[in-house]
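Notes follow the structure.
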Amino acid sequence: MNILSIEHLTREYGTGDTAVTALNDVSFTVEAGEFIAIIGSSGSGKSTLMHLMGGVDRPTSGTVRLQGQDIFARNDEQLAVFRRREVGLIYQFYNLIPVLNVVENMTLPVLMDGRSVNEQRLSALVRALGLTGREHCLPNQLSGGQQQRVAIARTLAPEPSVLFMDEPLSNLDAKLRLEMRYELQRLHVETGSTFVYVTHDQMEAMTLATQICLIENGVLQQYDAPLTVYHQPNNLFVADFVGNPSINFVEAKGAQRADGAVELTVFQGRKAL
Ligand code: ADP
Ligand code: MG
């Protein structure tokens, strides 16, 4: 089932000399239950795309449909309710309330929305996120990884249709990043939710995602399963971006045909040093 349709999304910032086209005519669809990784270099438009998909920002042109409904047909007030109820957003900073404990932090958004807490869901999330026994801890009594788990649990508590994450692991140390990568994958499988995950780390994307959305300069370069992106890159930029280190692609450099297609077996050999 198609859950999200991104149709000709363009987002321009500023006017005149300072105008930036952060996103340029991007279209793709997301199936329910997928794990989409949006990757690209810094400033390529990843966060802009995620914010538009989650209704945090409005496009200059184009539409986003969630379950068939144009999210931008809503006025600002309706869009705010939509974000609270349908969308989960997670950033690199957890923004936990320091004076509230784990459970209080988790339930705050639901209570602020005037709804009652589903105790069963709450305890399932505490378990799923490995927070059992920590329910009454304050954020400063938790490690960075545990705090990020609370932030994730808090976002999942209102049962969002799609969970959006913008570089959520980037301020964790290398070991914790790896652990959390595994946790996210497990959580994705357990919840069956649709995840949209922004990262500049292509290894993270290749290991977590079911679909890769690679953008550069606001233009969608390829939207495919990780192995397809890896073995059949649409162009040399993609081939270079998913190669690590990029010297793996030295033999590929001359292989772009006149029609722009890349005719090569990726990773056919490393450059002699
Ligand atoms: P990424 O997340 O891939 O690093 P962003 O989506 O944040 O990239 O930004 C894409 C481009 O849009 C960049 O050139 C950035 O400077 C510009 N941009 C992003 N947000 C704004 C804004 N609010 N005002 C002006 N320019 C912006
Ligand atoms: Mg960003």
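Each ligand, and each atom within it, is numbered from 1 in the order the structure gives. Please read these numbers as outputs of a predicted model, since none were measured by experiment.
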(message) I need the atoms of ligand 1 closer than 4.0 Å to a non-hydrogen atom of Ser41, numbered in the order shown.
(response) 3 (O)
(request) Could you point out which residue of Leu214, Ile215, Val229 forms a side-chain contact (heavy atoms from CB on, under 4.5 Å) with Ile39? (result) Leu214
(request) Answer yes if the side chains of Ser44 and Glu216 hold a donor-acceptor pair under 3.5 Å, and no otherwise. (result) no
(message) Is atom 16 (O) of ligand 1 near the protein, in the sense that some protein heavy atom lies at less than 4.0 Å from it?
(response) no
(request) Look at atom 9 (O) of ligand 1 and find which of Ile38, Thr21, Val20, Thr48 reaches it with the closest heavy atom. (result) Thr48
(request) May I ask you to say whether Asp113 pairs ionically with Arg115, meaning some side-chain N is under 4.0 Å from a carboxylate O? (result) yes
(request) Return the residue, atom name and 0.1 Å-rounded distance of the protein heavy atom closest to atom 19 (C) of ligand 1. (result) Tyr13 CE1, 3.4 Å
(request) Below 4.0 angstrom from a heavy atom of Ser42, which ligand 1 atoms are there? Numbered from 1 as shown, please. (result) 4 (O)
(message) Under 2.8 Å from the Mg ion (ligand 2), is there any N, O or S atom belonging to Met50?
(response) no
(request) Assign the ring pair His188 / Phe35 to parallel, tilted or perpendicular, where the plane angle (0 to 90°) is split at 30° and 60°. (result) perpendicular
(request) Inspect the contact between Arg177 and Glu204 and indicate whether a charged nitrogen and a carboxylate oxygen are less than 4.0 angstrom apart. (result) yes
(message) Heavy atoms only: which of Ser44, Ala22, Ser47, Gly45 lies closest to atom 7 (O) of ligand 1?
(response) Ser47
(message) With a 6.0 Å cut-off (strictly less than), is the heavy-atom count around OH of Tyr13, excluding the residue itself, greater than 12?
(response) yes
(request) Report the nearest protein non-hydrogen atom to atom 1 (P) of ligand 1: residue, atom name, distance rounded to 0.1 Å. (result) Gly43 N, 3.5 Å
(message) Between Thr29 and Asn2, is there a side-chain donor-acceptor contact under 3.5 Å, judged purely by atom types and distance?
(response) no
(message) Quick check on atom 13 (C) of ligand 1 - does any protein heavy atom sit closer than 4.0 Å to it?
(response) yes
